[in-house]
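A short worksheet on the structure shown next.
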Amino acid sequence: MARYNPKETEPRWRKAWSDSDAFRAVIDRSRPKYYVLEMFPYPSGRLHMGHVRNYTMGDVIARFKRARGFSVLHPMGWDAFGLPAENAAMERGVDPKAWTYENIDRMRAELKELGLSIDWSREFATCEPGYYGKQQAWFLDLYERGLVYRKESVVNWDPVDQTVLANEQVEDGRGWRSGALIEKRKLNQWAMRITDYADQLVDDLATLERWPDKVRVMQENWIGRSKGLKFRFHGAPPADDLEVYTTRPDTLFGASFVGIAADHPLAEAVAARDPEAARFIAECRKGAATEAQIETAEKIGYDTGLTVKHPFDPTWELPVWIANFVLMDYGTGAIFACPAHDQRDLDFCRKYGLPVKPVVLPPGEDPATFQVGDEAYTGPGTIYNSGFLDGLDIEGAKAAAIARIEGQGDGEGAVVFRLRDWGVSRQRAWGCPIPFVHCETDGVVPVPKDQLPVSHPDDIEFGKSGNALERHPTWKHTTCPKCGGPATRETDTLDTFVDSSWYFARFANAHSEEAIDKDAADYWLPVDQYIGGIEHAVLHLLYARFVTKALADDGQLSVREPFAGLFTQGMITHETYRRQNGEWVEPKEVEFTAEGNTRRARLGGTGEPLIIGDVEKMSKSKKNTVTPDEIFEVYGVDAARLFTLSDSPPERDAQWTTGGVQGAWRFVNRVWEEFDSQPADASTAPADPELRRATHKLIRQVTEAIDSFRFNSGIARLYEFLNLLKANPAKAASPAVLAARQEALSAFARLIAPFTPHLAEECWTRVGGSGMVVHAPWPDFDPALTEDAVRTLPVQVNGKRRGEIVAPAGAEAADVEQIVLADPEIAGKLEGLTIRKIIVVKDRIVNIVAS
RNA sequence: GCCGCGAUAGCUCAGUGGUAGAGCGCAUCCUUGGUAAGGCUGAGGUCCAGGGUUCGAAUCCCUGUCGUGGCACCA
């Protein structure tokens with residue numbers, strides 16, 4: 001009996017897969033296709049456990065679908081542009097390109113060690129001219145279509161990374177990467193018209209049935225579509241034609257004042273002649289930067305002294321206030337305030353003594369007595385105090401008010417989005433150059449496609465802050481493609497989220513002359529199962545959806561949604577350990593002792609007691625990391641893969657523990673023991689029916705578990721079945737059991753293949769399977785065999801369990817009743833009671849209602 | 001404030017109308033030529049709380065508590 005040795009078996013099987021080119025994706029129209037993709041990694045240097053879990057999940061699906069007869073595409077690439085490379089350049093004086101490719105080499109080796117069933121022939125990195133040159137080509141196509149444009153705008157400037165960030169990349173007023181407080185700057189920027197697709201991006205969410213609701217809700221919130229009315233107030237200049245946006249035109253008769261943002265043009269006009277107003281505006285600008293401060297900030301306002309006429313009553317003059325809670329970049333930067341039915345407006349009016357007139361009467365309230373106190377009423381009701389709107393419900397009044405305004409020519413129904421256009425300019429060198437030149441005569445001119453790619457100069461000087469392309473002595477000087485005169489190249493590069501917004505389509509044919517090989521893309525797309533972190537719920541996933549739609553409209557793609565199925569996996573966490581002085585301690589330095597059920601930790605060597613802290617996401621700063629290579633070294637790749645999936649549902653965080661991975665490792669060894677102890681000359685006796693039934697039940701359960709992304713459940717069933725096999729050992733087994741074991745082991749080797757592929761190959765060979773398990777079909781189950789012949793039915797009396805009986809599977813109610821009533825134990829429990837009713841649930845349970 | 005998600009054994013989690021389960025941990029015992037290991041057996045659960053529906057609720061519904069994620073002066 002030989003011990004299982006992953007160090008010997010695992011590399012051997014990886015070589016066998018590679019030698020037979022087992023994972024090459026092939027267009028085969030006779031079979032259904034399946035495209036499984038995990039979000040490609042940024043080549044940061046080393047693989048971490050999160051990668052192991054993410055890529056193992058995708059691999060489970062890929063191997064499972066292959067065994068089920070699908071033509072599978074499972075590719076890998078590198079999201080290789082980005083700031084860390086430039087930061088490394090600055091900190092250590094290395095070349096970003098060389099640094100990136102070294103990282104890719106190391107991470108590729110680690111990914112290959114993980115035994116992933118990837119078609120490596122399609123690998124690319126986004127920093128290759130062969131990739132980003134194609135990106136420049138379609139970027140020019142979208143420019144032709146008006147979806148790419150330049151605009152002077154106020155942007156989010158990250159003073160640490162020295163670059164512009166999109167709104168999506170600013171979290172709580174800080175840069176998503178640097179954490180620096182964001183400043184507002186006015187710059188000339190490249191942008192993409194994602195707002196042209198805002199409606200579609202919301203509407204099509206409904207078609208994404210295999211996306212988590214959570215992600216759909218997050219995108220919907222982010223796009224923030226609202227329907228309402230845009231209309232103009234009239235007044236004396238400068239307050240003539242003041243346009244506001246509202247979602248509550250039904251409450252127009254409850255108006256108290258008109259509010260404008262501090263940076264609204266009208267506010268600036270007022271400030272020009274009113275120093276007090278100027279002071280107020282300056283104070284607003286100084287205001288709070290973080291969300292928490294904004295939330296608690298008091299509502300303040302300044303009465304400009306201007307008035308405008310109410311649209312439905314020209315004699316009604318409304319005062320115009322500058323208000324700090326009105327935002328310039330949403331709607332029109334101006335509102336009308338109805339304090340009775342909007343909390344913000346109410347707070348403001350109470351503070352400044354402005355009138356509060358209710359116009360929506362809640363159901364059951366008396367119009368003579370209903371009053372609004374300190375809480376605005378935002379619920380349903382009937383409109384009153386409102387002239388021609390009286391008696392209507394809210395929806396009816398909205399429609400009537402909009403119709404009246406439109407009839408007056410003062411405005412129209414409008415849809416407003418929270419989503420802004422996507423600013424894609426970044427002042428960085430290590431990114432995709434934007435293929436335009438600036439000419440004194442012709443202005444902004446696209447680089448002709450036959451001159452693509454526009455690539456980086458070789459002698460680029462990194463190592464200082466700011467944009468190295470801008471600093472380069474010669475690179476930006478060129479000639480205008482139009483007039484031949486002197487021109488300068490655009491030195492901004494594209495946001496790296498552009499790189500990741502179409503890579504899934506490039507994988508259809510990674511070597512195509514066109515950006516996207518449409519025939520290949522038509523076959524493979526959409527991605528059937530996309531897997532990645534929830535942190536990309538808005539940024540990456542929204543941009544990829546937008547670019548897909550834009551390229552589809554340009555005829556370069558047929559699908560309008562890139563990812564038919566999305567799965568967001570949880571993170572890997574680990575306990576944290578600290579010394580008494582607060583220093584973090586790495587797990588490998590910790591020794592544990594147990595006192596009953598209490599665990600205590602000590603520092604290895606000195607024995608100093610340690611504090612066991614919270615379970616947190618693995619991070620270098622808290623030293624609670626375990627690296628894949630040290631785990632592979634001790635337990636093998638299969639045990640590591642198995643453990644990342646076995647303990648938690650895939651969408652939830654999984655806690656890494658030494659005990660847990662040891663459990664997985666023991667499973668690997670015990671599996672091998674079962675296979676190794678099975679005699680080679682298989683018995684031809686009729687198989688033991690009970691073990692057969694258990695086998696078919698197992699096949700069914702594991703198949704359903706993988707199909708529904710419940711990997712941990714499937715693995716739990718495999719653990720249980722292994723216990724059953726151990727209870728029916730090969731040693732001293734009857735011929736019937738041996739025959740059933742043979743069938744069970746043949747299925748078992750294939751069922752574990754998605755999770756522990758190396759072990760599966762070894763087992764498959766040992767049990768006499770033909771060829772490699774990667775080519776073997778998924779085992780089938782006989783539905784009839786997944787049911788037991790005899791059932792043990794619990795018997796309840798008045799809902800409490802009082803005994804059990806044995807009945808044939810599928811026994812009818814009448815037969816079961818007879819068995820129950822004949823049972824002496826149950827008869828005892830029924831003594832003195834009258835049976836009112838007997839409920840028999842077929843094959844499940846019997847309940848006797850008695851009194 | 002709004003919208004989600006979660007709460008089951010000491011820990012991490014399955015179970016989603018019908019007999020409360022797994023892995024790890026813990027305890028007893030066995031093995032001491034698989035040995036910085038292996039195995040047997042076992043203990044351990046008001047299924048967060050309260051109410052409702054039902055013959056029957058961990059499971060479905062309502063309310064609450066605690067934890068957690070997202071959005072947020074978005075008119």
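- Going from the C1' atom of B:A9 to that of B:C24 covers 12 Å, rounded to whole Å.
- Protein atom NZ of A:Lys697 is 15 Å distant from nucleotide atom C1' of B:G15, rounded to whole Å.
- For the pair A:Asp653 and A:Tyr245, both in contact range of RNA chain B, the more 5′-proximal nearest nucleotide belongs to A:Asp653.
- Rounded to whole Å, atom P of B:G23 lies 19 Å from atom CH2 of A:Trp656.
- Side chains of A:Arg248 and A:Thr246: no donor on one and acceptor on the other come within 3.5 Å.
- The P atoms of B:G38 and B:G23 are separated by 15 Å, rounded to the nearest whole Å.
- The base of B:C5 does not come close enough to the side chain of A:Lys214 for any donor and acceptor atom to sit less than 3.5 Å apart.
- The A:Asn712 side chain lies nearest to B:A14 when the options are B:C71, B:A14, B:G34.
- Within the 4.0 Å cut-off from OP1 or OP2 of B:G23, at least one side-chain nitrogen or oxygen of A:Asn723 is found.
- Here B:G10 sits opposite B:C24 as a Watson-Crick or G-U wobble pair (both hydrogen-bonding atom distances under 3.5 Å).
- Residue A:Arg670 places no side-chain N or O under 4.0 Å from the OP1 or OP2 atom of B:G38.
- Nucleotides B:G69 and B:C74 place their P atoms 23 Å apart, quoted to the nearest Å.
- Of the residues listed (A:Val244, A:Leu242, A:Thr332), the one engaging A:Ile260 in a side-chain contact (heavy atoms from CB on, under 4.5 Å) is A:Leu242, and it is the only one.
- Remark: the separation of the C1' atoms in B:U28 and B:G34 is 23 Å, to the nearest Å.
- No more than 12 heavy-atom neighbours from other residues, nucleotides or ligands sit within 6.0 angstrom of CD on A:Glu209.
- In this structure, A:Arg216 does not reach the B:G4 phosphate: none of its side-chain N or O atoms is under 4.0 Å from OP1 or OP2.
- Ring geometry for A:Phe567 against A:Phe709 counts as parallel: the plane angle stays under 30°, on a 0 to 90° scale with 60° as the upper cut.
- Taking atom C1' in both B:G39 and B:A20, one finds a spacing of 27 Å when rounded to whole Å.
- Closest to the A:Arg710 side chain, of the nucleotides B:A75, B:C11, B:G15, is B:G15.
- Rounded to whole Å, the distance from CD on A:Gln662 to C1' on B:U12 is 15 Å.
- Ion pair A:Lys7/A:Glu633 flagged as a salt bridge, since at least one NZ, NE, NH1 or NH2 atom sits closer than 4.0 Å to an Asp/Glu carboxylate oxygen.
- In the interface, the side chain of A:Glu673 is paired with the base of B:G34 through a donor and an acceptor atom under 3.5 Å apart.
- Put simply, CG on A:Leu642 is 17 Å from P on B:C13, counting in whole angstrom units.
- Taking atom P on both nucleotides, B:U8 is separated from B:U59 by 13 Å, rounded to a whole Å.
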*Please assess A:Arg766 against A:Glu762 for the test salt bridge (charged side-chain N to carboxylate O under 4.0 Å, His left out), listing each intermediate value before the final yes or no.*
CA-CA 6 Å; A:Arg766 181 68 184 72; A:Glu762 199 67 16; over 6 Å; no
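- Candidate nucleotides B:U12, B:A75, B:G39 were compared by shortest atom distance to the side chain of A:Leu327, and B:A75 ranks first.
- Put simply, CD on A:Gln343 is 10 Å from C1' on B:G1, counting in whole angstrom units.
- Rounded to whole Å, the P atom of B:C2 lies 41 Å from the corresponding atom of B:G21.
- With rounding to whole Å, A:Lys299 atom NZ is found 8 Å from B:C74 atom P.
- Pairing partner, B:G69: B:C3, with both Watson-Crick or wobble hydrogen-bond distances short of 3.5 Å.
- Without hydrogens or angle criteria, A:Lys357 side chain to A:Ala340 main chain gives no donor-acceptor distance under 3.5 Å.
- Atom pair A:His264:NE2 and B:A75:P shows a separation of 17 Å (rounding to whole Å applied).
- Distance CG (A:Leu718) to P (B:C13): 20 Å, rounded to an integer number of Å.
- Closest contact between the side chain of A:Val326 and the listed nucleotides B:A75, B:C73, B:C40 involves B:A75.
- When the C1' atom is compared between B:A57 and B:G50, the two are found 15 Å apart, to the nearest whole Å.
- Put simply, A:Arg344 has a side-chain N or O that comes within less than 4.0 Å of OP1 or OP2 on B:C74.
- The side chain of A:Arg666 lies closest to B:C24 when the candidates are B:G23, B:G15, B:C24.
- Candidate nucleotides B:G15, B:A75, B:G39 were compared by shortest atom distance to the side chain of A:Thr246, and B:A75 ranks first.
- With distances taken from any side-chain atom of A:Ser713 to the nucleotides B:G15, B:C3, B:G23, the minimum falls on B:G15.
- Of the two residues contacting RNA chain B, namely A:Met218 and A:Ala654, the nearest-nucleotide position lying further toward the 5' end is that of A:Ala654.
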